[in-house]
Amino acid sequence: MKYSEGRKKMDYEMNKGTITNETTRDEAEYVQAYNVAFSAVKKEKEEGEKANV
Amino acid sequence: MFNFQEFQEYVQMKVQEELVKDYKDVEVNLHQVQKNNGKVMHGIAVGQKDAHVAPAIYLNEAFEKYQEDGNMDRIMREVIRAAKDHINPPEEYSSMAAEFRNFDSVKDKIVMVVVNTEKNSSMLVNVPHQNREDLSLIYKVLVNENNQGITTITIQNEHMKYWDVTTEKLHEYAMKNTSELRPVTVQSMDEVMRELIGEENISEEVLEALFEESPIKEQMYVISNETRTNGAVSMFCGDELSELANKMETDLFILPSSVHECIAVSTDMGTAEMLAEMVREINGEQVSLEDQLSDHVYRFDASTRSISLADTTMKELQSKVSENQEAYGVEEVNREGTRPRHHR
């Protein structure tokens, strides 16, 4: 389930406030983007360390 | 074509006309709700006399569809169907609304959530909160949470007044309850990726080959809660960050990936500025505006167990906000005359 597909449940108004429903979500695609970006950082770090040796 | 205000009023009138045939005491009102990061949802609330709660049908998306194809009949069918399906609210919502005035009924259900202070400045005027660097902790009453999702009510200043409690008191309950009711989860990024790929029926051998275990210090850790909803607040709860830092034997950088989770890495794995650039890039390209938490990176100091901004300071941020407000103030005056009436 992509995050954008969630939140289909109804909210309810009460006197001075809102009962808000949010649906459970799986990890969104941006979490994977962090994984990719961090792998690049690790690789760069490893190469830097090798060059210093 | 209707403008948005006319569209809402038309829907309100038509829903009232239709529902009054079946429900004698129905009352359809226009209303609006402020969501995270300044997003405002407009719609109708469909109430019955003496009911404590009324379903809210938001019309922002319906108006977008109407602008695309002008098909008002289809929109009315969908809205009336939604109103009829939800006009009788779940029993637990009615009882919660009835019990809400009694602090003793809600105090053990108060939890906290973290939001961006600047982007929620207009909401924070009406909501008790505590600031943490460029973020604010706000408080909610947890109505229900299960594997389907989470149901909450955001606590407002008005509630705090009739309960006759202070923000400090709310915070005290929220710290205790959040750890108990919404326990912190810590997963390595490898585990998260394995879960995601595992859903695609890939064998365990292939997964083993794909995810060769990295040393703990070289991994990212996703910090959230079991439902992965509004879980970034977990960075302020429990001992998990401290335990993680102890295992790594370093401080941590915390990347605010969204309001739903954050990501922790060892401070040996890069500079705060470089990681902040990563956060800005991913926020800009992949995270919806409503879910963004911050463009800045935090440092968790293992010795003091405290969290502070790492790539900037509050002083720097405040001076940027003042500059932007000055520039925006001038622009706002110029733009006011050109905006549609219902947006003024």
Side-chain angles (χ1 to χ4, degrees), chain A, chain B residues 31 33 41 45 47 52-58 82 85-86 89-90 93 96-97 100 140 143 146-156 158-159 189 192-193 195-196 199 214 218 220 222 227-230 255 257-258 260-261 263 265 269-270 274-275 278 281-283 285-288 291:
Chain A
M1 180 188 75
K2 285 182 189 167
Y3 176 60
S4 57
E5 290 165 1
R7 304 214 174 164
K8 295 289 184 196
K9 289 176 82 180
M10 186 71 62
D11 285 354
Y12 285 81
E13 282 305 296
M14 49 180 229
N15 187 21
K16 307 289 175 202
T18 303
I19 299 176
T20 303
N21 276 295
E22 290 176 66
T23 50
T24 301
R25 41 197 297 286
D26 290 340
E27 297 299 345
E29 284 173 11
Y30 57 80
V31 177
Q32 298 181 52
Y34 276 100
N35 187 39
V36 173
F38 193 63
S39 299
V41 169
K42 275 203 287 190
K43 203 173 167 192
E44 210 172 286
K45 191 171 178 277
E46 279 165 16
E47 280 167 6
E49 280 164 5
K50 273 182 201 163
N52 285 338
V53 173
Chain B
H31 86 118
V33 174
M41 299 299 286
H52 290 290
V53 294
I57 301 171
Y58 299 127
D85 284 352
H86 293 91
Y93 295 178
M96 172 50 78
F100 201 73
K140 291 177 180 251
V143 179
N146 55 36
N147 57 7
Q148 299 290 304
I150 176 173
T151 307
T152 57
I153 301 165
T154 301
I155 296 174
Q156 300 177 11
E158 218 165 332
H159 302 140
M189 185 62 90
V192 172
M193 290 298 119
E195 270 182 20
L196 283 174
E199 284 171 8
S214 322
E218 292 180 12
M220 290 185 128
V222 179
T227 50
R228 296 169 182 173
T229 310
N230 288 320
L255 285 60
S257 47
S258 82
H260 301 296
E261 74 292 296
I263 293 171
V265 294
M269 290 309 291
M274 184 195 77
L275 294 169
M278 188 190 289
E281 218 166 90
I282 296 174
N283 272 346
E285 288 170 6
Q286 310 231 11
V287 189
S288 72
D291 288 338

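Predicted, not measured: the structure shown is a model, and the values here were computed from it. Per chain, numbering begins at 1; letters A, B, ... match sequence-line order. Quick note: numbers below take in every heavy atom, side chains included, and nothing from hydrogens, waters or symmetry partners.
When every heavy atom of P55(B) is checked against every heavy atom of M10(A), the shortest pair comes out as CB-CG, 4.0 Å. Considering all non-hydrogen atoms of both residues, M189(B) and V31(A) come closest at CE-O, 3.4 Å. Of all non-hydrogen atoms in I282(B) and A37(A), the two that sit nearest each other are CD1-CB, 4.5 Å.
In this structure, the portions of E218(B) lying under 4.5 Å from any heavy atom of chain A include both its backbone and its side chain. At a 4.5 Å heavy-atom cutoff, the contact between H52(B) and chain A is made by backbone atoms alone. Residue contact with chain A, scored on non-hydrogen atoms closer than 4.5 Å, is absent for I155(B). Contact annotation for A97(B): both backbone and side-chain heavy atoms come within less than 4.5 Å of a heavy atom of chain A. Only the side chain of M274(B) comes within less than 4.5 Å of a heavy atom of chain A; its backbone N, CA, C and O stay farther away. For a residue to count as touching a neighbouring chain, one of its non-hydrogen atoms must lie under 4.5 Å from one of that chain's; by this rule T154(B) touches chain A with the backbone only.
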- prompt: Checking side-chain contact (heavy atoms from CB on, under 4.5 Å) for the pair E13(A)/V33(B): CA distance, chi angles, key distance, verdict?
  reply: CA-CA 9 Å; E13(A) 282 305 296; V33(B) 174; 3.4 Å; yes

> How far apart are the C-alpha atoms of Y93(B) and N21(A), what are their side-chain angles, what is the distance that settles it, and do they pass the side-chain contact (heavy atoms from CB on, under 4.5 Å) test?
Replying inline: CA-CA 11 Å; Y93(B) 295 178; N21(A) 276 295; 3.1 Å; yes

Derivation of the side-chain contact (heavy atoms from CB on, under 4.5 Å) call for T20(A) and K140(B): CA-CA 10 Å; T20(A) 303; K140(B) 291 177 180 251; 5.6 Å; no

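Heavy-atom pairs under 4.5 Å with chain A peak, among A45(B), A54(B), A56(B), G47(B), at A54(B). When S257(B), P90(B), G270(B) are compared by the number of non-hydrogen pairs under 4.5 Å with chain A, S257(B) comes out ahead. Considering only heavy-atom pairs separated by less than 4.5 Å from chain A, the leading option among M269(B), M220(B), M278(B) is M220(B).
Residue T227(B) holds its OG1 atom at 9.0 Å from CD of E22(A), rounded to the nearest 0.5 Å. Taken to the nearest 0.5 Å, the OH atom of Y34(A) stands 9.5 Å off from the CD atom of Q286(B). To the nearest 0.5 angstrom, H31(B) atom NE2 is 7.0 Å from T18(A) atom OG1.
Between D11(A) and M41(B), every side-chain heavy-atom pair lies at or beyond the 4.5 Å cut-off.
No hydrogens or angles considered: a donor-acceptor pair under 3.5 Å links the side chains of Y30(A) and S258(B).
Listed by chain and residue number, E158(B), H159(B) satisfy the side-chain contact (heavy atoms from CB on, under 4.5 Å) test with K16(A) (two or more places apart in sequence, or in another chain).
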